Amino acid sequence: MEELLANPATTVVDVRETGEFAGGHFEGAINIPLGIVPLRLDEFKAMNGPIVVYCRSGNRSGMAMSLLRQAGLSEVYNGGGLNDMLIYQN
């Protein structure tokens, strides 16, 4: 995960709800709540490089990762929960 997050081509996506995101998030992450991930598949497909998704506990991000892989994206990784991600933040 550390190597992925150090890659400038990696996009980090927080799949929590907007209120959760507003309460604190991984630096540089964009917020696309799990419920609207299927509606924004074109946006995900336009992302160059790996995608790391995370949420509060790793459950919603696991679902997002599955959705994105089913949509044909192969470089999608579950970063787990926000606390897991913050370990890697500079």
Side-chain angles (χ1 to χ4, degrees):
M1 186 59 59
E2 191 170 358
E3 190 175 307
L4 272 172
L5 295 173
N7 180 349
T10 298
T11 302
V12 178
V13 181
D14 185 325
V15 297
R16 298 176 302 154
E17 295 300 314
T18 54
E20 293 174 284
F21 182 80
H25 55 271
F26 186 82
E27 186 178 327
I30 61 172
N31 183 220
I32 302 176
L34 176 63
I36 62 170
V37 166
L39 305 175
R40 295 178 65 178
L41 290 176
D42 288 342
E43 187 175 339
F44 280 99
K45 289 177 180 180
M47 294 174 183
N48 295 320
I51 300 168
V52 174
V53 291
Y54 76 91
C55 60
R56 182 183 52 81
S57 67
N59 187 27
R60 286 176 281 180
S61 54
M63 289 188 271
M65 181 182 71
S66 293
L67 283 167
L68 294 170
R69 287 190 175 170
Q70 287 172 11
L73 289 113
S74 58
E75 275 198 287
V76 182
Y77 304 91
N78 186 351
L82 175 58
N83 289 336
D84 301 317
M85 292 290 291
L86 292 178
I87 293 169
Y88 303 107
Q89 191 163 298
N90 294 332

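Keep in mind that the numbers below use all heavy atoms, side chains included, and drop hydrogens, waters and symmetry copies. Just so you know, these numbers come straight off a predicted model, no measurement behind them. All residue numbers refer to positions in the sequence shown, counting from 1.
Residue pairs meeting the side chain to side chain donor-acceptor pair (under 3.5 Å) criterion with at least one partner in residues 72-84, sequence neighbours excluded, are Ser61-Asn78. The salt bridge (charged side-chain N to carboxylate O under 4.0 Å, His left out) analysis of residues 28-49, with sequence neighbours excluded, yields the pairs Arg40-Glu43. Sequence neighbours left out, the pairs with a member in residues 9-21 that pass side chain to side chain donor-acceptor pair (under 3.5 Å) are Asp14-Arg16, Asp14-Tyr54, Glu20-Arg60.
Two different hydrophobic clusters hold Val52 and Met65 under the rule that ILVMFWY side chains link at heavy-atom gaps under 4.5 Å. Cluster membership for Leu73 and Val15, using ILVMFWY side-chain heavy atoms within less than 4.5 angstrom, is shared. No path of Ile, Leu, Val, Met, Phe, Trp and Tyr side chains, each step under 4.5 Å between heavy atoms, connects Leu4 with Met47, placing them in separate hydrophobic clusters. Placement of Val76 and Ile36 within a single hydrophobic cluster is found when ILVMFWY residues are connected by side-chain heavy-atom separations under 4.5 Å, directly or transitively. Cluster annotation: Val13 is connected to Leu68 through the hydrophobic network of ILVMFWY side chains, with a link wherever side-chain heavy atoms come within less than 4.5 Å.
Summarising the geometry, atom CG belonging to Leu5 is positioned 11.0 Å from atom CD1 belonging to Ile87; distances are rounded to the nearest 0.5 Å. In this structure, Met85 CE and Met1 CE are separated by 6.5 Å, a value rounded to the nearest 0.5 Å.
A pairwise comparison of heavy atoms in Phe44 and Ile51 identifies O-CD1, 3.8 Å as the closest pair. Residues Ala9 and Asn7 share a closest heavy-atom pair of N-OD1, 2.8 Å.
For the side-chain contact (heavy atoms from CB on, under 4.5 Å) test, residues two or more places apart in sequence or in another chain that qualify with Leu67 are Leu34, Val37, Pro38.
Listed for the Gln89 side chain is a donor-acceptor partner under 3.5 Å among the backbone atoms of Glu27.
Residue Phe21 belongs to no hydrophobic cluster, having no ILVMFWY side-chain heavy atom closer than 4.5 Å to its own.
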